[in-house]
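Here's the structure we're looking at; comments come further down.
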There are 2 protein chains.
Amino acid sequence: MEKVNINDKLSLFSDHWNPRIIGELNGQHVKLVKFKGEFVWHKHDNEDEMFYVLNGEFKMEFRDRTVHLKANEFLIIPKGTEHRPVADQEVSVMLFEPNTTINTGNAPGNLTQDKLETI
Amino acid sequence: MEKVNINDKLSLFSDHWNPRIIGELNGQHVKLVKFKGEFVWHKHDNEDEMFYVLNGEFKMEFRDRTVHLKANEFLIIPKGTEHRPVADQEVSVMLFEPNTTINTGNAPGNLTQDKLETI
């Protein structure tokens, strides 16, 4: 039971679209991830996801609209909702989601990360 | 599915030890709370809790040690662990915990909040 400093953890990696696990509670993972560029359209059939912006900004695209998110803002995406994060510049995000969640959901491919590092 | 701005939500209340619900996902609540002073010793038999500091600092006391937490740091407290938050100055904290969690756990009393407002 040690405290976690977000900035210390963010300094430990620099790649994009590769979430790291920084905490677990009640079957949920707390993760850090850095986004840059366009991700793939996908959905999660069984997991709601929360995106909390730490530094920078990005947009979350949905099929019918786009939500712009900046630091100290979060968005909860209900299971079954197609979405795609797009970041013009690098952004750091904290994720809160079930420990069963795969980043690319129903759209496995080159960006899929199914063995996450705990840092 | 609207984004949530943390600072906007923090501006909506000023009392202490009275968590507000600002999000729900996967049976978990996201809450905001402001601490000042000493809370009561308590534990949660069935819920792990996460305390993420937004502004300010506080200490989490355990029976055998104390963890000091400041902005951009978090601590996960496993179920069954006695703890007591103490804040010398006001601190704003985001909580992640199951939607069954009562703030005073096994120690109901004057500080118990069992009907939380959603903001």
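Residue numbers start from 1 in every chain, and the chains themselves are labelled A, B, ... in the order their sequence lines are given, proteins ahead of strands.
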Answer yes or no: does atom CD of Glu90(A) have more than 12 heavy-atom neighbours from other residues, nucleotides or ligands under 6.0 Å?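 Check passes, neighbour count above 12.
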Tell me, yes or no, whether the heavy-atom count around Asn110(A) atom CG, taken from other residues, nucleotides or ligands under 6.0 Å, exceeds 12.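 Not more than 12 within 6.0 Å, no.
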Classify the ring geometry between Phe96(B) and Phe96(A) as parallel (under 30°), tilted (30 to 60°) or perpendicular (over 60°).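 Tilted.
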Residue, of Met50(A), Lys70(A), His68(A), Glu97(A), that accumulates the most heavy atom pairs under 4.5 Å with chain B: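 The answer is Met50(A).
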So which of Val67(A), Thr81(A), Ile22(A), Asn46(A) has the biggest tally of heavy-atom pairs under 4.5 Å with chain B?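 Winner by heavy-atom pair count: Ile22(A).
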Interchain contact, [X] with chain B, by part (heavy-atom threshold 4.5 Å):
| X | result |
| --- | --- |
| Glu2(A) | both |
| Val30(A) | side chain |
| Met94(A) | side chain |
| Phe62(A) | side chain |
| Val4(A) | both |
| Leu54(A) | side chain |
| Lys9(A) | neither |

I'd like to know if [Y] and [X] are part of one continuous hydrophobic network [Ile/Leu/Val/Met/Phe/Trp/Tyr, side-chain heavy atoms within less than 4.5 Å].
| X | Y | value |
| --- | --- | --- |
| Phe74(A) | Phe74(B) | yes |
| Leu95(B) | Ile21(B) | no |
| Ile119(A) | Leu116(A) | no |
| Val40(A) | Phe51(A) | yes |
| Leu111(B) | Leu32(B) | no |

At their closest point, which heavy atom of [X] faces which heavy atom of [Y], and how far apart are they?
| X | Y | result |
| --- | --- | --- |
| Glu49(A) | Leu25(B) | C-CD1, 3.7 Å |
| Met1(A) | Ile77(B) | SD-CA, 4.0 Å |
| Leu75(A) | Lys3(B) | CD1-N, 3.7 Å |
| Gly23(A) | Ile76(B) | CA-CD1, 3.9 Å |

How far does CG of Asp48(B) sit from CG of Asn26(A), to the nearest 0.5 angstrom?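 If we round to the nearest 0.5 Å, Asp48(B):CG and Asn26(A):CG are 4.0 Å apart.
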Distance (rounded to the nearest 0.5 Å) between Asn72(B) CG and Asn55(A) CG: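 That separation rounds to 8.0 Å.
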Do Tyr52(A) and Ile6(B) touch side chain to side chain, with heavy atoms closer than 4.5 Å?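 The answer is yes; the side chains approach within 4.5 Å.
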